[in-house]
Colleague: 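Structure incoming, see below.
Every chain is numbered from 1, with letters handed out A, B, ... down the list of sequences.
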There are 2 protein chains.
Amino acid sequence: MSPTRTSDQPPVRTLSDLAKIAGVSAGTVSRALAGNSLVNDATRDRIVALARAHGFRPNQMASSLRRQKTDVIGIVIPLGHDQRQQISDAFFMTLLGHLADALTERGYDLMLRRVLPDRDEDWLDRFIGSGMIDGVIVIGQSDQLERIEEAAANFRPMVVWGDHAQGQQHCVVGTDNRLGGKLAAERLIAGGARHIYFLGDVSAVEFAARFAGATDAAEGHGVAITPLTNHLSADRLEAEVAGNLDRPLGPGDAIFAASDMLAVAALARLRTRGIDVPGTVKVIGFDDLPFAAQTSPPLTTIRQDIRAGAFAMVDRLMRRLDGADAPSIVLPPTLVERGTA
Amino acid sequence: MSPTRTSDQPPVRTLSDLAKIAGVSAGTVSRALAGNSLVNDATRDRIVALARAHGFRPNQMASSLRRQKTDVIGIVIPLGHDQRQQISDAFFMTLLGHLADALTERGYDLMLRRVLPDRDEDWLDRFIGSGMIDGVIVIGQSDQLERIEEAAANFRPMVVWGDHAQGQQHCVVGTDNRLGGKLAAERLIAGGARHIYFLGDVSAVEFAARFAGATDAAEGHGVAITPLTNHLSADRLEAEVAGNLDRPLGPGDAIFAASDMLAVAALARLRTRGIDVPGTVKVIGFDDLPFAAQTSPPLTTIRQDIRAGAFAMVDRLMRRLDGADAPSIVLPPTLVERGTA
DNA sequence: CTGAAAGCGCTAACAC
DNA sequence: GTGTTAGCGCTTTCAG
């Protein structure tokens, strides 16, 4: 009892094929299958049954073209500040998973596109103008703020995950990174830190904000802070962290990693070097990804509510698709106290 | 110098709008923009420049409809055997990331769809028949083998990640799970295990094969093996693992987790209970996800080469799109010896 | 080398 | 309630 074509009859590929078989017009079949307007119950049932029997499914491209609506949301991940960062970055992937959940719930499909803005400066407008998507979600601002602002000026149904800056026009959902950075530094300082090493790539706006927040706190307490550039590409991450932490480290030194991935790599490196965490050096991460609770010691970190963020993005996007105005939203980060700081 | 419309001239939305401005026909614009056939170099350059100046981009829906080709590959993740499993499952997400890399390289976009087969038995044919995609990649067979086989009979450009069984018709790329299970059990047995606890949901074919392989090895050595059902949904995982490991555990007992996620949760639970790993109880995982090297002790696990798998899937899909025949491929798992077994 | 014309498969007025 | 008609925006013969 398969829902597909039961035998090798003349294949039914179009609405009018079906219409012919059913002895009605294509318009009626269209209406019947849409369940939409006032079609005679009997004819509708007959048509629907026929469609099932022949495994017929209306062509979405034709439908989209005609309706000027695709029911697809584009998801784009610009890999600008770090070409080699994997799209498989754990944070983005987690966010994507929740976006998929939220959009599926609303009846939208997802069109995923990975772009290298350095090689294609038209990346965003090209996607928007393609006609393939009703709206777009940008995951991460990378170093593409200008281009995003420009696009937002001409295209409403766009929501961006990232940092909210003064005067920024595009609709952004994200964590208060500056506050998060402050919370992290304060936690380390309360634990006795006199020198904080910040692990992360400050050329990405979100990371820059985290560093700025940490700097605020450090300066307020007369604590030194040093940025150590670390990229996120899987292949270089470990070596870079090792290199950056290959310095005399003792009591009073602490590490603020801009992401949990980085923090975990730092933990591994410190263990290798025989430096006790949190006894000698304290470590704090950022994100609170699922594995953060499972490291040893379990990672103290700044939590971003990824699921709430994803749902907020979709909510705003839907409102913008309806022509309403949906403002940016900044989510509060929270300190998750575990075993490393 | 933005590539978008420079001012508020009458907007250029269609090929013929641009044709009018350029003083040529729509056909010529189409050819010029496609860079395709023999268009006068001068006219082509003029048209391309005009298109840039007006921020014109051809509508992909119309193009797809006309060409009967979308340049989009559908990626579908059936969540059958575990409704609450997140799409954010770390393994699937990693695979997805690599698929995105491979497909982008070939000029394809990805259409992502998450489905609950239990609620929609037509999930696969519906996607295939939608006309939105040129081919489809199914990530994970879940408990949907029959439906996948059925669909494969009528639709060539489909590749599935999963387990390869005798007589299976659809093109599948995956790891030799049975061998992987065997390797895992043998490693534990060589370490002195007399009783292996298998953590995982045997109703998914891939996990069942891992269990079968482990059982082969255990029986061959006169070692006991007990399956402990654990789902993969993020919310239940921890509690279930805790419950399942809440039994007397001592020397001679060992744990084979069907995924690294499960293994890490087991590690955390054993630590909580004060059971030394690998001193008292040995633990081995499956997958070798990026974080596996970073746990403490670092996780011994069975490695699946996810990147190679993703590229193999895309390779086979491309061949099938070209009408060629691309057979299934079974990738060899490898034991990664680290600190837990 | 370029223009004209015919659709791709569907939907939505507008008739009846 | 249902049929008819006119496109959605693009590509591609077929002429010239």
Side-chain angles (χ1 to χ4, degrees), chain A residues 10-48 50-51 54-72 109 126-134, chain B residues 10-48 50-51 54-72 109 126-134:
Chain A
V12 178
R13 302 240 58 82
T14 74
L15 271 186
S16 33
D17 287 349
L18 229 212
K20 223 157 288 166
I21 297 183
V24 296
S25 77
T28 301
V29 176
S30 174
R31 289 182 277 246
L33 260 29
N36 219 332
S37 62
L38 306 321
V39 185
N40 187 333
D41 285 2
T43 30
R44 191 194 41 245
D45 293 350
R46 196 160 52 81
I47 291 171
V48 169
L50 231 35
H54 291 265
F56 171 76
R57 287 167 202 81
N59 183 308
Q60 295 304 315
M61 290 294 143
S63 172
S64 296
L65 180 58
R66 176 62 231 240
R67 292 185 303 128
Q68 297 293 88
K69 182 162 188 340
T70 63
D71 295 322
V72 176
D109 273 306
R126 184 200 303 292
F127 200 22
I128 290 171
S130 70
M132 296 195 296
I133 56 179
D134 292 340
Chain B
V12 178
R13 303 239 58 83
T14 75
L15 226 42
S16 34
D17 287 349
L18 192 59
K20 223 157 286 166
I21 298 182
V24 296
S25 76
T28 301
V29 176
S30 173
R31 288 184 276 249
L33 260 31
N36 219 332
S37 63
L38 307 320
V39 185
N40 186 334
D41 284 3
T43 30
R44 191 193 40 245
D45 293 351
R46 197 161 51 79
I47 290 171
V48 169
L50 232 34
H54 291 267
F56 171 75
R57 288 170 201 81
N59 183 308
Q60 294 304 316
M61 290 295 143
S63 172
S64 296
L65 181 57
R66 178 59 232 241
R67 291 184 304 127
Q68 296 293 87
K69 182 163 188 340
T70 63
D71 296 322
V72 176
D109 274 306
R126 183 200 304 292
F127 201 23
I128 290 171
S130 69
M132 298 196 295
I133 55 179
D134 292 340

Colleague: What residues form a salt bridge (charged side-chain N to carboxylate O under 4.0 Å, His left out) with A/R46, not counting sequence neighbours?
Modeller: none
Colleague: Among all residues two or more places apart in sequence or in another chain, which pass the side chain to side chain contact (heavy atoms under 4.5 Å, CB included) test with A/N59?
Modeller: A/M61, A/A62
Colleague: Evaluate B/M132 against A/D109 for side-chain contact (heavy atoms from CB on, under 4.5 Å), listing each step before the verdict.
Modeller: CA-CA 11 Å; B/M132 298 196 295; A/D109 273 306; 3.7 Å; yes
Colleague: When rounded to the nearest 0.5 angstrom, what is the spacing between CD in A/Q60 and CD1 in B/I133?
Modeller: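 Those atoms lie 11.0 Å apart.
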Colleague: By side chain to side chain donor-acceptor pair (under 3.5 Å), which residues pair with B/T70, not counting sequence neighbours?
Modeller: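 So B/T70 forms a side chain to side chain donor-acceptor pair (under 3.5 Å) with B/D134.
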Colleague: At 4.0 Å (heavy atoms only), tell me whether B/S64 reaches a base, stays on the sugar-phosphate, or touches nothing.
Modeller: nothing
Colleague: Under the salt bridge (charged side-chain N to carboxylate O under 4.0 Å, His left out) test, which residues partner B/D71, sequence neighbours left out?
Modeller: B/R67, B/K69
Colleague: Whole angstroms only, please: what is the CD-P distance between B/Q68 and D/dG9?
Modeller: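 Distance, rounded to whole Å: 18 Å.
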Colleague: Compute the angle between the rotation axes at the two ends of the helix from C/dC1-D/dG16 to C/dC16-D/dG1, each taken over five pairs, rounded to 10 degrees.
Modeller: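 Axis-to-axis angle, ends of the helix: 40°.
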Colleague: Does A/T28 have any side chain to side chain donor-acceptor pair (under 3.5 Å) partners at least two apart in sequence or in another chain, and if so, which?
Modeller: A/S25
Colleague: Between A/F56 and A/R13, what is the shortest heavy-atom contact and its length?
Modeller: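 Where A/F56 meets A/R13 most closely, the heavy atoms are CE1-O, 3.4 Å.
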Colleague: Nearest-Å distance, CG (A/D134) to C1' (D/dC8)?
Modeller: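 Going from CG in A/D134 over to C1' in D/dC8 covers 14 Å.
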Colleague: Counting primed atoms plus P, OP1 and OP2 as sugar-phosphate and everything else as base, spell out the protein contacts along nucleotides 10-16 of chain C at 4.0 Å heavy-atom distance: B, S or - for each nucleotide, 5' to 3'.
Modeller: BBBB---
Colleague: Check the distance between D/dG1's C1' and A/D45's CG and give it to me in whole angstrom.
Modeller: 15 Å
Colleague: For B/L65 and B/N40, find the nucleotide of DNA chain C closest to each by heavy atoms; which residue's nucleotide sits nearer the 5' end?
Modeller: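 First, find each residue's nearest nucleotide; the 5'-ward one identifies B/N40.
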